[in-house]
Amino acid sequence: QGLGGVRHRLHRDLPDDAFPILEDLRDQGATDYVAMPLPFSDGRINVMTVASDHPDGFTTANLGLIFECSAVIARYYEVFMQRENAQSLLETYVGKRSGARVLGGEIRRGDGDEIDAAIMFCDLRNSTRLEEELGRRAYIQLLNGFFETISTIVDENGGEVLKFIGDAVLAVFPADPQKSYRARNKALKSARAIVDALPGLANETGIEALHCSTGIAYGSVTYGNVGSQERLDFTVIGQAANVAARLGDYGKSLGHQIVVSADVLKDTSSAIPLGEVELHNVSRPVNSYAIPTT
């Protein structure tokens, strides 16, 4: 509470309520431990701790010098913590790659890059029925588990979840122009892993089965800021994103959990051809395949 410091001589017997770390420090050769207030400019009181391994511990002059420096140290750590907190918040809300770009200064409307990427759009099927059967609280727990499963799988495969839209997830797998097949393979591998993980999630939730609808497309998209002057969104814009969403919807109507555009597949021998598919608001038919999941 900023009322003073705490000091423990570690070469003496420690009191019963001593901090657990004191035992660890003593085992490492420390002889003296001091905790003192570290006030930030906004009034918050943080704590700075120091330890000494000198046989006699800290002198009064040592501690006086540390105290005199504490204001400068506090300013340094305040800036450090603000940046760390901003980075953590941005990574939580817009993803690691996008968060890093925003923190790096890409904060104007229209800022962004043209990239080639595999886009995956995955939503949970029968959401309305599930909410009615489970109730709102249990349904939200299920939805969080669904999102957590997808986010973990996408991250493990080098992609990034850009946003959650209702009960759906939009993910991007940026491509190396020289090795674009890797991004496509990673997106397809993620989609299959998500389907494989759903029975376990259903079992945890106590429901009979869970199914998803996933669409994957590949192409050039704009990866950056769109929105109004007051509110920006970091996302992907382009035909591939639209096609991925529409393919997921189309697969739902046919009972397929994964549907991809033909250019996602390097080998179509194990895929189910769906032919040239007319998609809503997509000008040209898209040659598509369903991916077996059983």
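Since we're looking at a predicted model, the values are computed, not measured. As a basis for the values below, the full set of heavy atoms in this structure was taken, side chains included, without hydrogen atoms, waters or symmetry mates.
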Inset, instruction - To the nearest 0.5 angstrom, please state how far the OH atom of Tyr76 sits from the CG atom of Leu38. - result: 12.5 Å
Legend entry - pair Glu204-Leu201: side-chain heavy atoms closer than 4.5 Å: yes
Inset, instruction - Can you run down the salt bridge (Lys or Arg N to Asp or Glu O under 4.0 Å) pairs that involve residues 276-294, sequence neighbours left out, and say none if there aren't any? - result: none
Inset, instruction - Without swapping roles, check the side chain of Arg182 against the backbone of Asp176 for a donor-acceptor pair under 3.5 Å. - result: no
Legend entry - Hydrophobic cluster identity match, Val154 and Leu124, side-chain contacts under 4.5 Å: yes
Legend entry - Positive for side-chain contact (heavy atoms from CB on, under 4.5 Å) with Leu170, one of Asp123, Thr235, Val161: Thr235
Inset, instruction - Indicate yes or no: at least one non-hydrogen side-chain atom of Val259 is less than 4.5 angstrom from one of Val277. - result: no
Inset, instruction - Cation-pi check, Lys186 to Phe173: give yes when NZ or CZ is under 6.0 Å from the six-membered ring centre and within 45° of the ring axis, no otherwise. - result: no
Inset, instruction - Treating Ile, Leu, Val, Met, Phe, Trp and Tyr as nodes and any side-chain heavy-atom pair under 4.5 angstrom as an edge, say whether Ile119 and Ile165 lie in one connected cluster. - result: yes
Legend entry - side-chain hydrogen bond (donor to acceptor under 3.5 Å, both in side chains) pairs, two or more places apart, involving residues 35-51: Ser41-Glu78, Asp42-Arg44
Inset, instruction - Locate the shortest heavy-atom distance separating Thr214 from Ala191; write the atom from each residue and the value. - result: CG2-CB, 3.9 Å
Inset, instruction - Give a yes or no answer on whether the side chain of Ser288 reaches the backbone of Val286 with a donor-acceptor pair at less than 3.5 Å. - result: yes
Legend entry - Nearest non-hydrogen partners of Phe40 and Tyr77, listed with the distance: CZ-C, 4.0 Å
Inset, instruction - I would like to know whether Thr205 and Gln141 meet side-chain contact (heavy atoms from CB on, under 4.5 Å); could you show each step before the answer? - result: CA-CA 9 Å; Thr205 313; Gln141 289 180 334; over 6 Å; no
Legend entry - Trace of the side-chain contact (heavy atoms from CB on, under 4.5 Å) decision for Leu142 with Leu210: CA-CA 10 Å; Leu142 168 63; Leu210 281 177; 3.6 Å; yes
Legend entry - same_hphob_cluster(Tyr218, Tyr181) at 4.5 Å side-chain heavy-atom cutoff: no
Inset, instruction - Without swapping roles, check the side chain of Asp196 against the backbone of Ala193 for a donor-acceptor pair under 3.5 Å. - result: no
Legend entry - From CD1 (Ile194) to OG1 (Thr293), nearest 0.5 Å: 12.5 Å
Inset, instruction - Over all heavy atoms of both residues, which pair between Ala175 and Ser180 is shortest? Give the atoms and the distance, please. - result: CB-CA, 4.1 Å
Inset, instruction - Examine distances only and state if a side-chain atom of Arg246 and a backbone atom of His280 form a donor-acceptor pair shorter than 3.5 Å. - result: yes
Inset, instruction - Apply side-chain contact (heavy atoms from CB on, under 4.5 Å) to the pair Leu188 and Asn185, showing each step before the final yes or no. - result: CA-CA 5 Å; Leu188 190 54; Asn185 288 345; 5.6 Å; no
Inset, instruction - Measure the shortest side-chain to side-chain distance between His8 and Pro15 over non-hydrogen atoms and say whether it is less than 4.5 angstrom. - result: yes
Inset, instruction - For residues Arg75 and Val79, determine if any side-chain heavy atom of one lies less than 4.5 Å from a side-chain heavy atom of the other. - result: no
Legend entry - Asp53 side chain vs Gly29 backbone, donor-acceptor pair below 3.5 Å: no
Legend entry - Side-chain donor or acceptor of Thr31 paired with backbone N/O of His54 under 3.5 Å: yes
Legend entry - Path from Ile207 to Ile150 over hydrophobic side-chain contacts below 4.5 Å: yes
Legend entry - Expected output: side-chain Asn85 to main-chain Met81 donor-acceptor under 3.5 Å: yes
Inset, instruction - State yes or no: do Val6 and Leu10 share one hydrophobic cluster built from I, L, V, M, F, W and Y residues joined by side-chain heavy-atom distances below 4.5 Å, directly or via other members? - result: yes
Inset, instruction - Might you confirm whether atom CZ of Arg7 has over 12 heavy atoms from other residues, nucleotides or ligands at distances under 6.0 Å? - result: yes
Inset, instruction - Determine yes or no for a side-chain-to-main-chain donor-acceptor pair under 3.5 angstrom, with Arg26 supplying the side chain and Arg12 the backbone. - result: yes
Legend entry - Nearest-0.5 Å distance that lies between atom CG in Leu63 and atom CZ in Phe58: 6.0 Å
Inset, instruction - For residues Arg184 and Lys266, determine if any side-chain heavy atom of one lies less than 4.5 Å from a side-chain heavy atom of the other. - result: no
Inset, instruction - For Phe67, look at atom CZ and say whether over 12 heavy atoms of other residues, nucleotides or ligands are found less than 6.0 Å away. - result: no
Inset, instruction - Rounded to the nearest 0.5 Å, what's the gap from CG on Asn242 to CG on Leu279? Could you check? - result: 10.0 Å
Inset, instruction - Locate the shortest heavy-atom distance separating Ala118 from Ala183; write the atom from each residue and the value. - result: CB-O, 3.7 Å
Legend entry - CG on Asp27 to CD1 on Ile21, rounded to 0.5 Å: 11.5 Å
Legend entry - Straight-line distance of Tyr289 OH to Ile272 CD1, nearest 0.5 Å: 11.5 Å
Inset, instruction - Give the C-alpha distance, both sets of side-chain angles, the deciding distance and a yes or no for side-chain contact (heavy atoms from CB on, under 4.5 Å) between Phe19 and Leu25. - result: CA-CA 10 Å; Phe19 309 137; Leu25 289 171; over 6 Å; no
Inset, instruction - Give the minimum heavy-atom separation between Ala271 and Ile291, together with the two atoms involved. - result: CB-CD1, 4.1 Å
Legend entry - Non-hydrogen side-chain atoms of Phe146 and Asp167 separated by less than 4.5 Å: no
Inset, instruction - Can you tell me which residue pairs pass the side-chain hydrogen bond (donor to acceptor under 3.5 Å, both in side chains) test with a partner in residues 147-159, sequence neighbours excluded? - result: Asn157-Ser190
Legend entry - Taking every non-hydrogen atom, the tightest pair across Gly215 and Leu247: CA-CB, 4.0 Å
